[in-house]
Structure formats: structure tokens, C-alpha cells
Peer 1: 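For reference, the structure I am asking about is given below.
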Number of protein chains: 2
Amino acid sequence: MAAVRRPTVRDIARHAGVSVATVSRVTSDDPRVRAETRARVQASIDAHGYTPSSLGLGLARRRHQALGVVLPGLGGPYFAELLRGVESVAAAHDTAVTVLGAHLRPDVAGAVERLARRTDALVVQAGTVDDAVLAAVADEVAVVVLAGSPQHPTTVRTDGESACRDVTAHLVDVHGHRRLRFVGLPPGAPEPAQRHRGFRRALSERGLVESGPPLSVGLEAVDGAAAARDLRASGDVPDALVCANDEIAFGLLATLPGLGYDVPHDVAIVGFDDNALAALAAPRLTTVHQPTAELGATAARLALAAASGEEEPTTDHVLPTRTVVRESCGCSPAPGARR
Amino acid sequence: MAAVRRPTVRDIARHAGVSVATVSRVTSDDPRVRAETRARVQASIDAHGYTPSSLGLGLARRRHQALGVVLPGLGGPYFAELLRGVESVAAAHDTAVTVLGAHLRPDVAGAVERLARRTDALVVQAGTVDDAVLAAVADEVAVVVLAGSPQHPTTVRTDGESACRDVTAHLVDVHGHRRLRFVGLPPGAPEPAQRHRGFRRALSERGLVESGPPLSVGLEAVDGAAAARDLRASGDVPDALVCANDEIAFGLLATLPGLGYDVPHDVAIVGFDDNALAALAAPRLTTVHQPTAELGATAARLALAAASGEEEPTTDHVLPTRTVVRESCGCSPAPGARR
DNA sequence: GTGAAAGCGCTAACAA
DNA sequence: TTGTTAGCGCTTTCAC
């Protein structure tokens, strides 16, 4: 802990025999300083190990040099990957990343408001915070909503509905499944809802309806495992299960065989996200690839741009997805696929 | 983005007909304000939607109200869980959490130094930052090292060596395995190294040696998958594999069957961490349970305490672990274990 | 090219 | 109980 007081501009100024203004010019790379003076100042800076206080600097410049990220939880491969994307662009902008796990907080609204007050921009996962709070906060900081809907000003997302429509279509058209169910639909989360819509659209386009309500409300592997048990208990296992994300699919994949159901023979399974484990599962998971880190990076980029006044018009950025066919849907291993 | 200037103490003071000091007293819950005055000030505060600037406040109080967390990457269940622990404590202290993914950064040392300058305390995963940097930074902020070794002042960890010694012993003593290998030993990471030591200790105590060098250097599921392929290629699959963490074990679990090796019949596998998927894998993973969130929470608690001057003596906090026997080691399902 | 001085928004002695 | 007044550490006009 700090025993010695950190040197300030004034210390350096005195030591170098210049004014604080000059020191400030040196630390902020202002060109109008004579090379000789600059060298002398720099020497003092080095000698004292001086670095500007972020608080003083922030106050004077009215800038926090920080980006806030609000996610439901901090767990799971999806959000980790998202955060990675955010971090990479933040690092490039010399900006700190401050995180907030919304689902861990008793008072999300308050926490977000406080976060807004110590950052220049916010990247918020849709469904974690009331839109009213978001709106209130939006005139203090730039806000970019991940997976947001049209009512949000700036959004970054993928088209989960079409993507999920496509994998579902694969299940019906290629494998001839007729009895399909959706797994994972937590209330208030827009992305699973979107995917569920795509699922139903694919079915109705083919004259089918979902053969039962969505199973399970969570988005984690344990929820998939629970869904598997419920299914067995109900005695009614459908032809195929379309999951809101890969983790749920892993839970199913890990549990169904022990319950006596072979995947994909007895029941086909598809996921969503294409996380690192998808290609490792047994059978390998057919899923929708999302550019997860890209989503985070794009959001961060937009947020930071908006924060530095590049007041761009309201925009909706849709990143591309792609169906990745492996074996959990019933397809045979592609020739050359490593196992 | 901010169109209107945010109100300041002075605005509120003027509007409420009091001095800035009184406003400050109200916002910081100072008791020496008459109830009546307080009410009037509070009314102005509410009317203007005033909230103290964190920058001004921080500068005056010389406190950031922020905690920095340095982890290798932000990915994976382990670090997510750790972060969850940190967040919960930080939230209780009304403190923001600023994260840094060390392995994503080209200039870790610089990044950590900058982070130190905008936080009151740092929780650092051992092996992510040079000890020299840590030492340099330690007289600016409180530093707590996760999984650190004795040369660090304050550390929070589990006894990975003993824990790994114990699971390894189980494999040898209960299942009679003699040819065992360790998987996952990235250079510079102290925890896997510790576990590897425990592994070797268990063996040597029983007159055995590891039947080959540690496999794979990564700590992720893909690394386990790669290790499985290497093993097959070498044609020499041992009796049992002891993994540095659960993720590696999942990679093995997912890949070995496809290669023609049954787990645990042909090869036993044990992991480390006991993450959420461990009880879901097929077969369920025998592993060492770590109180991961607790580790983060404890570290955060210590860091914050140190930051608020409770200059406690150098301490080494060791949290308990426990071997969780499931079926991947070859044991039969415990009666009553849900599958 | 350099310096003096006025803030940025807040807290904390000290006085009253 | 309340107000006055220095700062906290930095940037940034505006003179020189």
C-alpha cells in the first residue's frame, strides 16, 4: 500500500524548472514544446516515475477513459467470448473495461446508473436492464445494446430468427423430423425468444406446429440436463430438440444417453452459438455459428465512437451467422472431419 | 449522449439555498444536518436528478471506488466463477470491477500499471504478470494474488498439491492403476505446476513414476481433445489420466470414445475444479472440488480491506478442497446418484 | 515555446 | 447546525 505520496505535475514542474502547463504538454504529447525542454521534463518524469492521475486527468478532460459492460451473468462461454471482443477494442483505445453482472445484483437499475457515471459508454446486453433505465442513462453516456430490438437507438446483433429457422428447416427437410420441440426460453431474454420465433416459423412454413411447449427456462448445461429428465419422465421424447444455445445442448447430450436415448438416432439435437466445445462433443454438435467476439468488438467500437462525439445516426448492426452441420442432427460425418 | 450539462453540487446548493458543504453532507449521509435542511436539499437533488460526479468525489477523497481484476483470459467457467465471487463482494462495497485479460494484451505490464492507477486494489491471478511489475504496483494499490506463492504478500489459494496428490492416490490405491500421466502444464502457470507436483508425489510415495511427460500445454477442452489424439497416435494409452482442470478432462471425455477408448474401462480420467459440467459429463467426472467463487470473494474482501487502510499483516489464505468421486475414475455410481 | 491562472466537481478543516 | 475556503491533480485558455 501507498507509503510514499505519488508525484504530481507540480513536483515534476518544480524539479524540471518549468511550469505545470509544460509538464502537461509533455505528458499529452503536445507538439508545442521545444525538444530540449521536453527532454528535461521527460527526464524528471522518468526519475520520479511520474504518471498522471487518472482522476485529475478525467476531471479536467471530463472523460473517464472507461467502458462499462452490462451482461446478465459473467459466466458461460458466450459472455466470456463477448467480453474478449470488447476488451480487445477497449485495449486499443487505452480504455478500461468495467463489468457488471446484472443477474447477480439486487438493484440492477441503481448499479447501472452508477456504472454510467464512471464510464464514457455502455455496452448492454438486451434484457438485463429496463428500457426506462437505459433511456435515462442514455443522455449521460453513449449506449449500445447487444441483441437489442428496434426501440433501442444503437444495436448490434445477429438475426437469430432466420438462423434458427434455417437449422430447424434442416431438421425437417433433410432428416424428415416432424415432432420437434424447443429448449430454453427464459422470460425477458430477447435472444432465445427470437430463436424460438424462427423455430416456429420454420415449422409453420411446413404445415407443422411445435409438439409441445418449450422445455426448460434456463440457458445453462444443467438446464439441458433437467430438460432431458423431464422429457424421460413425460415418456414423450420428440424426434428433435432445438436448443436456444449450445450449453443447453451439452446438458442434453450428456444426459440423454444415460437415460437410454441415443443421439442422434433416438432424438436429434441442434444448438446455437457454435462455442468451442461444439466440435468436441460426442456426437459433434450441429449448431448456428455466431461471431461472438465480433459482436462484442463491434459494440465496443460503436460505443467508444459515440462517446467521442462521433454522434452517428441510430443504427442497427446485424452480423452474419452460418449453420454448421455436424452429426448431432443425424448427418454423417463430413468426409475429412476429424474425430 | 449528454446534451444537457449535469448538475453539480453548486447548482443544488444554490437552488436549495444552502452551501455546497451542506449538499455534500447530505449526499454522504453526514448526520450533522438538520432534518428540515436535509429534506430541502434532498428535494433539490431529486428535482435535478443530481448525483455526485465520481471523478470529483474520487479526487477529493483520493479513492477510486474500483477494484481491478487481472486474469489470464476472461474465458472459461473457472474465471467466470471467480469473477462472480469478486463481483458479489464488490457490489456489497459499492465498488466497480474493472477487468483485464492479461493474455489478450500485448503489453501486460503497462496495462496493469494503468489499471493500478485507476483502482484502489488489485486481485491478480498468479502467473499473469511479472512479480517485478506486481511489486512496483504494490505501493500504489493493495494487491492480492490468487494462487500465489510465498513470495507474494497476500495470497488466496487452495492447496492444489495435496488435493492432486489425493485424487492420484485414489486412482492407484483404489483402482490399482500403475501407468498414469498428467495432462495440461502450461509454462508460467503456477497452479497446474502445483497439481503436477502433487501428482508426482502420490506416485513416488507408492514407488511409481509418471509413465511419460505431461501431455498438452493448454488448459482448455480443445487441448484435452488434442491430447487424446496424440495419445492414440503414440499408441500408448496409460491406465489413467490426471488433468490439470476439468475442461481438459471434458476434451478427453469427448474425444477418446470416438478413438475407440472407453472411459473409464480403457482409461480412467480425473479432473480438477468440479465445475458445473463435471456432474453432467458421461461418465460423470471424478474431480477435486474447489470453492471457486469463494476464492474470488475472499480475494476481493482482502483487497478492499487492505485498500481502506486495514493494513493487515502479510497473509496466505488457503481454502479447503475436497475430492469428488464419480464414475470417470472407474468407481460405480454411488447409490442414489442421479444420472 | 512557455507561464499564470482559472477552472473541472467534490470534500474536509476550520470558523462561526 | 451551517458556511467559507482550501485544496485534490490535471488541462487549457490567454498572455507574453
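Order of the sequence lines fixes the chain letters, A, B, ..., with proteins taken first and strands second; residue numbering starts at 1 for each chain.
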Peer 1: Strictly distance-based, threshold 3.5 Å: is any side-chain N or O of A:D120 a donor or acceptor partner for the main-chain N or O of A:Q65?
Peer 2: yes
Peer 1: Starting from the 5' end of DNA chain D, give me the residue, B:A35 or A:V23, whose nearest nucleotide shows up first.
Peer 2: B:A35
Peer 1: Between C:dC10 atom P and B:I12 atom CD1, what is the distance in whole Å?
Peer 2: 9 Å
Peer 1: Measure from CG on B:D29 to C1' on C:dT11 and round the result to the nearest Å.
Peer 2: 15 Å
Peer 1: Whole angstrom is fine here: how far is it from CZ in A:R118 over to C1' in C:dG9?
Peer 2: 15 Å
Peer 1: Rounding to 10 degrees, work out the angle separating the end axes of the helix from C:dG1-D:dC16 to C:dA16-D:dT1 (five pairs an end).
Peer 2: 40°
Peer 1: Could you tell me whether the side chain of B:S53 and the main chain of B:L55 form a donor-acceptor pair under 3.5 Å?
Peer 2: yes
Peer 1: Check whether any side-chain N or O of B:R6 sits under 4.0 Å from OP1 or OP2 of C:dG9, and answer yes or no.
Peer 2: no
Peer 1: Could you check how far CD of B:Q65 sits from P of C:dC10, rounded to whole Å?
Peer 2: 15 Å
Peer 1: Examine C:dT11: is either OP1 or OP2 under 4.0 Å from a nitrogen or oxygen in the side chain of B:R61? Give yes or no.
Peer 2: yes
Peer 1: Testing the 3.5 Å rule here: is there a donor-acceptor pair between the side chains of A:T119 and A:H64?
Peer 2: no
Peer 1: Would A:R105 and B:E87 pass as an ion pair if we require N to O under 4.0 Å?
Peer 2: yes
Peer 1: Judged by modelled atom types alone, do B:T98 and A:T98 share a side-chain donor-acceptor pair under 3.5 Å?
Peer 2: yes
Peer 1: May I ask you to decide whether A:D11 forms a salt bridge with A:R6, counting only side-chain N to carboxylate O separations under 4.0 Å?
Peer 2: no
Peer 1: Does a side-chain heavy-atom distance below 4.5 Å link B:R117 with B:V141?
Peer 2: no
Peer 1: Could you list, one pair per line, each protein nitrogen or oxygen that sits under 3.5 Å from a nitrogen or oxygen of nucleotides 3-7 of chain C, together with the distance?
Peer 2:
residue: C:dG3; atom: OP2; partner: A:S19; partner atom: N; Å: 2.9
residue: C:dG3; atom: OP2; partner: A:S19; partner atom: OG; Å: 3.3
residue: C:dG3; atom: OP2; partner: A:T22; partner atom: OG1; Å: 2.8
residue: C:dG3; atom: N7; partner: A:R25; partner atom: NH1; Å: 3.4
residue: C:dG3; atom: O6; partner: A:R25; partner atom: NH2; Å: 2.6

Peer 1: Measuring only between side-chain heavy atoms, which start at C-beta, is B:T154 closer than 4.5 Å to B:V143?
Peer 2: no
Peer 1: What is the nucleic acid contact for A:V33, judged by heavy atoms within less than 4.0 Å: base, sugar-phosphate only, or nothing?
Peer 2: sugar-phosphate
Peer 1: Could you give the start and end, 5' to 3', of the contact zone on DNA chain D for chain A, using atoms under 4.0 Å from its heavy atoms?
Peer 2: D:dG9 to D:dT13
Peer 1: Mind checking whether B:L295 and B:Y78 have side chains closer than 4.5 Å, heavy atoms only?
Peer 2: yes
Peer 1: Check every strand shown and say whether B:R32 touches a base, only sugar-phosphate, or nothing at a heavy-atom separation below 4.0 Å.
Peer 2: base
Peer 1: A:L57 CG to C:dG9 P: how many Å, rounded?
Peer 2: 15 Å
Peer 1: Compare all side-chain heavy atoms of B:R38 with those of B:R25 and state whether any distance is below 4.5 angstrom.
Peer 2: no
Peer 1: Under 4.0 Å, heavy atoms only, any strand: does A:S24 hit a base, just the sugar-phosphate, or nothing?
Peer 2: base
Peer 1: Just so I know, are the side chains of A:V144 and A:V124 near enough to count as touching, which here means a heavy-atom distance under 4.5 Å?
Peer 2: no
